[in-house]
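The structure appears below as structure tokens.
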Protein chains: 2
Amino acid sequence: MNFQSALINFPLMNLKQLAQNLGLSQTTVSRALNGYPEVSEATRRKVREAAEAHNYRPNTRAKSLATGRAMSIGHVVPVSSKHEMVNPIFSDFISGAGEEYARAGYDLLLSVVADSDHERVYRDIATRQIVDGLIVHAPTLTDSRIPILQGLDIPFVVHGRSSGITSPYNWLDVNNRRAFERATGLLLDLGHRRIALLNGLASMDFAHRRCDGYKRALLDRNIPIDPDLIAHDEMTENYGYEAARRMMSAVDRPTAFVVSSIIPAIGVRRAILDAGLVFGRDVSIVIHDDDLSYFRNAGDVPLFTAVRSSVRQAGQRAAAMLLEIIRRRDEGHGSDAPVQFLMEAELTIGQSTGPLVTTVPNARA
Amino acid sequence: MNFQSALINFPLMNLKQLAQNLGLSQTTVSRALNGYPEVSEATRRKVREAAEAHNYRPNTRAKSLATGRAMSIGHVVPVSSKHEMVNPIFSDFISGAGEEYARAGYDLLLSVVADSDHERVYRDIATRQIVDGLIVHAPTLTDSRIPILQGLDIPFVVHGRSSGITSPYNWLDVNNRRAFERATGLLLDLGHRRIALLNGLASMDFAHRRCDGYKRALLDRNIPIDPDLIAHDEMTENYGYEAARRMMSAVDRPTAFVVSSIIPAIGVRRAILDAGLVFGRDVSIVIHDDDLSYFRNAGDVPLFTAVRSSVRQAGQRAAAMLLEIIRRRDEGHGSDAPVQFLMEAELTIGQSTGPLVTTVPNARA
DNA sequence: CAGCGTAGTCAAAGCGCTTTGGAGTATTTG
DNA sequence: CAAATACTCCAAAGCGCTTTGACTACGCTG
């Protein structure tokens, strides 16, 4: 041990020792620190000072065991088994949620798990009683985790929804269908007819809803749906690039794209420029913008026209919902009605959209 | 409670009940499940089956309290106080680390904390004894967290280094200096003389080392360092765009960029194309590539020439190191020598670099 | 047949905290 | 002045698990 560290080294204190030091009982010390009224202000002050001086903090494990509250929330983030990818939106979502937890004194337990293992891990975390509640990420169309958690009687909030699950549960979602209907509608208003959709993985519920909105907008104007103009995949930059390149090399190339995230949209832009076309004139793009902190689509006229909904804010709200549900449950307000929250995406016009250019030059293959 | 959930509802079992059900003592059941030798195979089988049937899992809090091991590792990820940003490399780092933890039966405790609060939170987590070890992210030049943790006598591994700390500690880092010396050297070899550096935040230790490597390469060839060609900031796409645009509008614009991450590099590319210049010909770029899963800089000839080092792998290694340190400590092998691991970045040539074009056309301002 | 090792089991203590149910003083009240 | 009423404080139980130390039954050795 070196000099520097010795200087600030505190022996780890526990309640018993602290009480002994003060000549008080553990009870009194505990109550003093936890703000119970039946201890005099004088003693409380003395106890607080001693605790501060000795750098005392209650052992969380013991506290949890005694109170029955873990004071922590579980997040299980899926990592695509094939590609070992973690969607960057989790950074922002968790940053929002984490802020809320910190405020309320909760910790955040993170499990990074291959999506094939989800059921097991959720059941595991819940039955080990290591958390007071869970956030369910990236629900699929009929997500098996939801009935499992319902059966385990642990509070949880789903970020997104699962169309195939009919029984009520707590969720927070963006109105994906409407967002994509509007995005597509905007392009239709600009005269575009060949509109492509670069969506997320087909198994995801959000992708399904987005596709729905897109199709609805087209059918609304009697425009047939061309399956060649719809792609589903992990939303990487490269996916955007490759899919756009492929579609644009076709004879009847799309004049516009609706893209599920800014990341593949960056790839689409690359493909457009590579093809010698003018971004926002020859080809229009509307994206769904999660307002990721490292990809702020900002400025007076942002780069991309977008339906925007901050995923960071979603994290914050979802966390707040969950904490509220836990609070209510602790106070014995029984199993209330499920809490559900639908956020509307906000449309902002950027540089990536313009009216259809009538003489469509074909892309260089 | 609906029908579906009732079907899979298990009442939460504890050791005592399970033991009672089996007509055995808690001791025996505990030992049977934990693989102790002094229990007969017949009983062990019976116990295992009963545990399985009742979906029994030991309460982690109680187990931790009894064993003194939290079986979890803490990560404190900094969120820039000004911009509420979480660096996307954490997704990948944590995904790598999480895999290692899962394998070893550890949980991951995540705190998302404004960087101003770091000291408090580290001290807090350590003294609350909620984790068995910590990973320190994003160390600054002289990082105060390191002496604090040394004083608290809790195992930790730093991802990166802190040049100002002289006492030994465990770390895992990329050879940033050499990587950037090579990157800059490559551009010099191609004839470039006006080479800009778009770095991360100046307070970060890695940024300092990278800057060092860059300067060393230049000075090695007697090229003076132009402070106007060096920028430090949060590594967003927009930062890359704005910084590159500003630099390229100068009379003596840079002909090449060394960029600390693929994300601002995407912005640099945008600025280049916006200026009507040809990427990889009029302006060259070498990036540091963290091999982020959503930004694979791959392909036969990747988009960017890069010094690459997978941050996911770094997470995995750092986690493995920490677990090993904890294991050794548990086994009483005292305070061994610190574990330190330096990864070398790998140079790959992409489309973003080419020899200096002698007649430099000035960018449109 | 006394003595002993061994395999299998158990009761009870303990991890560090909270919380229940008093108990001992000091202060008011009838 | 006795009794009721705060006001402080405490001993001990309990949270669900692991682990120590002992105990029983059995087969074996000498």
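Computation of the quantities below employed the complete heavy-atom set of this structure, encompassing side-chain atoms and omitting hydrogens, waters and symmetry-equivalent molecules. Everything quoted here is computed from the prediction, not taken from an experiment. Numbered from 1 within each chain, the chains take letters A, B, ... in sequence-line order.
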| field | Rounded interatomic separation in angstrom, taking CG from L33(A) and P from dC17(C) | value | 10 Å
| query | Checking all strands, does S64(A) fall into the base, sugar-phosphate, or nothing category for heavy-atom contacts under 4.0 angstrom? | reply | nothing
| request: Answer yes or no: is there a donor N or O on one side and an acceptor on the other, between the side chain of R44(B) and the main chain of Y36(B), under 3.5 Å? | output: yes
| S30(A) side chain near dT18(C) phosphate (N/O to OP1/OP2, under 4.0 Å) | yes
| task | Give a yes/no on whether any side-chain N or O of S40(B) is located under 4.0 angstrom from OP1 or OP2 of dT9(C). | result | yes
| query | Between R61(B) and E38(B), which is nearer to the 5' end of DNA chain D once each is assigned its nearest nucleotide? | reply | R61(B)
| No-hydrogen, no-angle side-chain donor-acceptor test under 3.5 Å, T27(B) and S30(B) | no
| message | Please pick, from dC9(D), dC17(C), dT9(C), the nucleotide with the shortest atom-to-atom distance to any side-chain atom of A62(A). | response | dC17(C)
| task | Kindly say if Y36(A) contacts the phosphate of dC9(D), meaning a side-chain N or O under 4.0 Å from OP1 or OP2. | result | no
| Whole Å only: how far is the CE atom of M13(A) from the C1' atom of dC17(C)? | 16 Å
| note | Of dC17(D), dC10(C), dC9(D), the nucleotide closest to the side chain of T27(B) is dC10(C)
| Side-chain donor/acceptor of D124(B) to backbone N/O of R120(B), under 3.5 Å | no
| Can you check whether Y56(B) has a side-chain N or O nearer than 4.0 Å to OP1 or OP2 of dC17(D)? | yes
| Base, sugar-phosphate, or nothing: which does Q26(A) touch, judged by heavy atoms less than 4.0 Å apart? | base
| task | Go through dT18(C), dC17(D), dT19(D) for me and flag the one nearest to the T67(A) side chain. | result | dT18(C)
| Between dC17(D), dC10(C), dG21(C), which nucleotide has the shortest distance from any of its atoms to the side chain of R31(A)? | dG21(C)
| query | What nucleotide, of dT18(D), dG21(C), dT8(D), holds the atom closest to the side chain of L15(B)? | reply | dT18(D)
| task | Figure out the NZ/C1' separation between K16(B) and dG14(D), and round it to whole Å. | result | 9 Å
| task | Answer yes or no: is there an ion pair linking R69(A) with D132(A), defined by an N-O contact shorter than 4.0 Å? | result | no
| task | Return yes if a side-chain donor-acceptor contact under 3.5 Å exists between T60(B) and Q129(A), otherwise no. | result | no
| query | For dT18(C), does OP1 or OP2 lie under 4.0 Å from any side-chain N or O of N34(A)? | reply | yes
| query | Quick one: is T28(A) getting a side-chain N or O under 4.0 Å of the dT8(D) phosphate, OP1 or OP2? | reply | no
